Protein chains: 2
Amino acid sequence: MDPHLLRTFVTVAGTRSFSAAAQELGYTQSAVSQQIAALESDLGATLLHRRPVALTDAGARLLEHAGPILLRLSAARADVVRLSGEPAATVVLGATPFAGSTRVAAVLASVQRAMPRVRFTLLLTGRDAVAAGVATGTLDVGLVDGVTAPSDPLPLPDAGQLATSVLVENTAVVAFPAGHPFAGRRSLGLADLADATWIDAPDVATPLPQLRALAHSGGFRDGFCYPGTDTAGLLALVAAGAGLALLPGPVTHPGVVGVAVTLPRLVHRVELVHGSLTPPARVLAEAFRP
Amino acid sequence: MDPHLLRTFVTVAGTRSFSAAAQELGYTQSAVSQQIAALESDLGATLLHRRPVALTDAGARLLEHAGPILLRLSAARADVVRLSGEPAATVVLGATPFAGSTRVAAVLASVQRAMPRVRFTLLLTGRDAVAAGVATGTLDVGLVDGVTAPSDPLPLPDAGQLATSVLVENTAVVAFPAGHPFAGRRSLGLADLADATWIDAPDVATPLPQLRALAHSGGFRDGFCYPGTDTAGLLALVAAGAGLALLPGPVTHPGVVGVAVTLPRLVHRVELVHGSLTPPARVLAEAFRP
DNA sequence: TCCACGACATCAGTATTGCTTATCTCGGTA
DNA sequence: TACCGAGATAAGCAATACTGATGTCGTGGA
């Protein structure tokens, strides 16, 4: 199971086309066809239905493994390369939107002042992209925020070998439009809201599948998908009544009211995540710790 | 980073010899030398010192990644092959020694009676071997036991995609030789025993590194290494005063007394672990659930 | 119903890769 | 200093994995 074959398999599955995958990867269509055939004969199973291209059960199963494997492979490469490269004069900090708040800016500014020769960059993206970036070395340090049970770590994509430490914990709140029947409450249980409409904003708010897991129940249907990473945009949607969202408190946005979740006990947390640190990246990471 | 190269790298690191690794893998020494050279030039780093062969820092880092990657790779293969293979007429159950207790035998016997055409096998080994076996398809179903905090799952090697479910929880006890000053107590805290001598029996009792993590402290020096998987043998060592061990209660062995651990709160737990199940394996798995 | 077109499969040819055998080089040791 | 063991290097050859051309199948339009 050559990683090359795995990569073209993932691409074909993603584009649902051999030709498109070939173009994307810089191969001929013929090569892609042969690679998939090789994979299938190696595993002794049909991975894709043809015309139209669709995953078989076996293919779907393989796809679940392929992503993490490829991620880890490049994490390994990045990890080794980082060790042997010359000390970088640049540090890239990746953060999820709510994690990249005022304190981040203050810390970055002070560290920048302490090390004027180093070039710092702040990149705001989704949770998974931060974790993957840290694993593959695109990012030196990551800040990820999310909602979980007090004793659990934040769920991150499996890239292995990532050190995490808790930076901030505060209350998790559900964001309601002002005037919503629940908006006046002081606290609430998640299960009461299983029938409500939620905004599916996996990169800013709590992803819906995780929400269901936290509440130990189904429901939580999504009325609106928000793939962006802008917090104000999400809150505007909430204010407009497009749906609810589980967020870090306190919420300060006109027309939006945050109500703390008390059942189950939940916290919003910001975690610092990194692999092996270059010296300037280490300074930055230390600066974040209390 | 071809998995083949990774595999020979792991073998070379393990044997600390190019020639021995070549023999073990069925290559010539020349091939191994070229493979390592290819890996090093690909990553742009020296992975091994030569004469004598030893890991560089970069090599050590790569080695940490290589194991999990190779494991996941074969887990992926096994997972796909299992889906497309014909229904097997054989089920292999792997279990750690304390997990494979009386109830296991009873369940196996009754399932065997229900499906006389199917050939069942019970294999007792270490924790990691059970998890790896289930991931790679050598085992259909695994039973793993161990000690953790009540809210945490048992720590298993990262093979991804393994479903686990809790079967039994009971108290965790420290096994003392009769006459030990602590042997008369009704309960105790782990930290009190950080200075005691422990038996390092990673496949039967709680591994020492995990013990340190549970107690949030150092210490726990090992007086004796017990790599076997026989429970009676371990208890005999405890009775002889070779050291202590953290085990599932209750302990019934002449000369050994078990005292429950109450600080931190710990439980001994047996977990069922499996990948995708063949029909007869599913029946077996269901039979274990309460 | 038939044809044309789009999309994947197959085939032949070739460049590359990755092995083996043979030989060389280096470091430790008597 | 000479030898021996162990890894590096070189040349040759077989297997692999591309490209380009052609074949086959399903679909949509006339």
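Every chain is numbered from 1, with letters handed out A, B, ... down the list of sequences. Because the structure is a prediction, the values reported are computed rather than measured.
Atom NE2 of H49(B) and atom C1' of dA8(D) are 18 Å apart (whole Å). For the pair F18(B) CZ and dT9(D) C1', the computed distance is 13 Å after rounding to whole Å. Here dT10(C) presents its C1' atom at 16 Å from CD1 of I36(A), a figure rounded to the nearest Å. One atom, CD of Q23(A), and another, C1' of dA7(C), lie 14 Å apart when rounded to the nearest Å.
No side-chain N or O of T11(B) forms a donor-acceptor pair with one of E24(B) less than 3.5 Å apart. If you check the side chains of Q34(A) and S30(A), you find a donor sitting under 3.5 Å from an acceptor. Under 3.5 Å, the side chains of T15(A) and S17(A) contain no donor-acceptor pair of N or O atoms.
V32(A) comes within 4.0 angstrom of nothing in the nucleic acid, heavy atoms only.
Shown here for A135(A) and L162(A), the closest heavy-atom pair between the two residues is CA-CD2, 4.1 Å.
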Sugar-phosphate atoms are those with a prime plus P, OP1 and OP2; base atoms are the rest. Using that split, label each nucleotide of nucleotides 17-30 of chain C B, S or - for protein heavy atoms under 4.0 Å, 5' to 3'.
--BBBB---BS---
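The neighbour count for D2(B) CG, taken as heavy atoms of other residues, nucleotides or ligands under 6.0 Å away, is above 12.
For the side chain to side chain contact (heavy atoms under 4.5 Å, CB included) with L272(B), the lone residue among V141(B), T164(B), V144(B) that qualifies is V141(B).
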